[in-house]
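Structure first, commentary second.
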Amino acid sequence: MSAVSPVRAAATVALLTLALVGCGAGDGAAERTGSTTSPGSATPAASPPASPSPSPSESTVPSPPPPFDLEAQRRATAAYPPKDRLPDGWAQVDPTKALPAYPGDPEYCGVRLERGTAPGAALHLYQAGDSGPYVLQYTFVLPRGVAGDVMADLAPAVAACVEKGRDADGRVFAARREPTVGAESVSVAFVADAGATSQVTVFRRGDALVALVGFDQAGLPPFDALSTIAEGVDARLRAS
């Protein structure tokens with residue numbers, strides 16, 4: 001993984017913020033950074049009655065609060081293409097080094113992708129050089145049935161946005177190219193009033209929901225790379 005200079009990182013997050021504003025991203029109530037995320041908005045369960053302290057020879061590992069689940073987190077974290085499945089010239093980079101802050105919770109045409117707190121969630125970032133283009137990936141492993149409910153709400157909401165021609169933050173267009181991935185998928189393009197252009201593909205594979213945001217400060221989003229990365233992520237989820 002290549003490191004990104006602080007100056008370049010600042011430019012990257014500024015561009016990313018513009019692109020996500022065009023997509024209607026939320027404020028990021030749960031602060032997530034890095035290729036893995038922690039459900040910071042989860043409320044810990046009530047503390048059990050005090051028990052005797054373990055002896056030094058005993059090893060205790062506290063369980064994370066619900067609904068966080070170690071297997072769900074493993075699936076979300078591992079949902080990225082291997083190096084040989086990335087587009088030519090592209091690399092996966094560490095979001096904790098490339099982005100100085102969590103970029104916000106994904107919400108498109110009024111539909112928030114993370115419904116409640118996901119048992120497993122991760123953030124991945126891909127780039128073709130320090131100045132882009134970029135593809136940002138959100139992965140949520142949700143309780144049974146929830147991912148399908150989100151997609152059922154997202155598809156008509158996006159269709160209504162496209163018909164209207166804009167959302168609260170800018171213009172909305174039908175996607176130029178829709179990757180064929182997942183059990184179901186929705187793609188849409190945005191041009192934010194602030195000027196950033198992006199294309200988003202959201203797809204479901206089982207109980208996992210993935211959003212891929214492609215954007216480029218120099219021009220149109222990287223359509224071919226977005227499709228290739230989406231296919232690689234979907235293949236990894238099918239195998240998990």
Side-chain angles (χ1 to χ4, degrees), residues 1-23 25 32-37 75-104 106 122-139 173-182 185-192 194-203 205 208 210-240:
M1 296 183 183
S2 61
V4 179
S5 70
V7 172
R8 184 69 70 186
T12 298
V13 80
L15 171 66
L16 180 57
T17 300
L18 290 175
L20 291 174
V21 164
C23 304
R32 290 196 174 94
T33 57
S35 58
T36 61
T37 63
R75 289 186 62 214
T77 303
Y80 60 86
K83 289 182 179 180
D84 60 359
R85 291 291 299 273
L86 287 174
D88 290 344
W90 284 71
Q92 184 178 351
V93 295
D94 185 348
T96 62
K97 296 178 179 178
L99 304 176
Y102 180 66
L123 188 70
H124 296 89
L125 180 65
Y126 313 89
Q127 66 179 35
D130 285 348
S131 59
Y134 308 93
V135 172
L136 178 71
Q137 174 192 337
Y138 294 91
T139 306
F173 301 90
R176 174 172 292 191
R177 191 172 309 161
E178 299 191 29
T180 305
V181 286
S185 66
V186 174
S187 295
V188 62
F190 298 90
V191 178
T197 301
S198 60
Q199 179 163 303
V200 177
T201 289
V202 179
F203 72 88
R205 176 60 68 184
V210 176
L212 292 156
V213 185
F215 56 101
D216 184 0
Q217 62 185 342
L220 293 174
F223 303 113
D224 290 338
L226 182 65
S227 293
T228 300
I229 292 170
E231 291 164 1
V233 173
D234 192 26
R236 182 62 68 92
L237 285 170
R238 288 199 310 269
S240 67

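Side-chain contact between D234 and F203 is present, with at least one heavy-atom pair separated by less than 4.5 Å. By the 4.5 Å heavy-atom criterion applied to side chains, V200 and F190 are counted as neighbours. When side chains are defined from C-beta on, L123 counts as touching L136, because their heavy atoms get closer than 4.5 Å. With a 4.5 Å cut-off on side-chain heavy atoms, L99 and L125 count as touching. Within the 4.5 Å cutoff, no side-chain heavy atoms of V210 are placed close to those of R205. Considering only heavy atoms from C-beta on, L237 comes within 4.5 Å of R75 through its side chain. S187 is listed as a side-chain neighbour of P179, based on a closest heavy-atom distance under 4.5 Å. Contact check for S131 versus Q217: side-chain heavy atoms found under the 4.5 Å cut-off.
The side chain to side chain contact (heavy atoms under 4.5 Å, CB included) test applied to A189 returns F173, Q199, not counting sequence neighbours. A235 meets the side chain to side chain contact (heavy atoms under 4.5 Å, CB included) test with R85, R238; sequence neighbours excluded. For R236, there are no side chain to side chain donor-acceptor pair (under 3.5 Å) partners at least two apart in sequence or on another chain.
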Item to check | Intermediate values then yes/no, side chain to side chain contact (heavy atoms under 4.5 Å, CB included), I229 and L212 | outcome: CA-CA 8 Å; I229 292 170; L212 292 156; 4.0 Å; yes
Intermediate values then yes/no, side chain to side chain donor-acceptor pair (under 3.5 Å), Q137 and T139: CA-CA 6 Å; Q137 174 192 337; T139 306; 2.8 Å; yes
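In terms of heavy atoms, V202 sits closest to A211 at CG2-CB, 4.0 Å. Smallest separation of non-hydrogen atoms from Y134 and G129: CE2-O, 4.4 Å. Across S198 and F215, no two heavy atoms sit closer than the pair CB-CB, 4.2 Å. Smallest separation of non-hydrogen atoms from P106 and Y102: CD-OH, 4.4 Å.
In this structure, CD on E231 lies 10.5 Å from OG1 on T201, to the nearest 0.5 angstrom.
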Please report, to 0.1 Å, the donor-acceptor pairs under 3.5 Å made by any side chain of residues 220-228, with sequence neighbours excluded.
| residue | atom | partner | partner atom | Å |
| --- | --- | --- | --- | --- |
| D224 | OD1 | R177 | NH1 | 2.1 |
| S227 | OG | F223 | O | 3.3 |
| T228 | OG1 | D224 | O | 3.1 |

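In this structure a side-chain-to-backbone donor-acceptor pair under 3.5 Å is present from H124 to T77. Between the side chain of Y80 and the backbone N or O of A76, no donor-acceptor pair lies under 3.5 Å.
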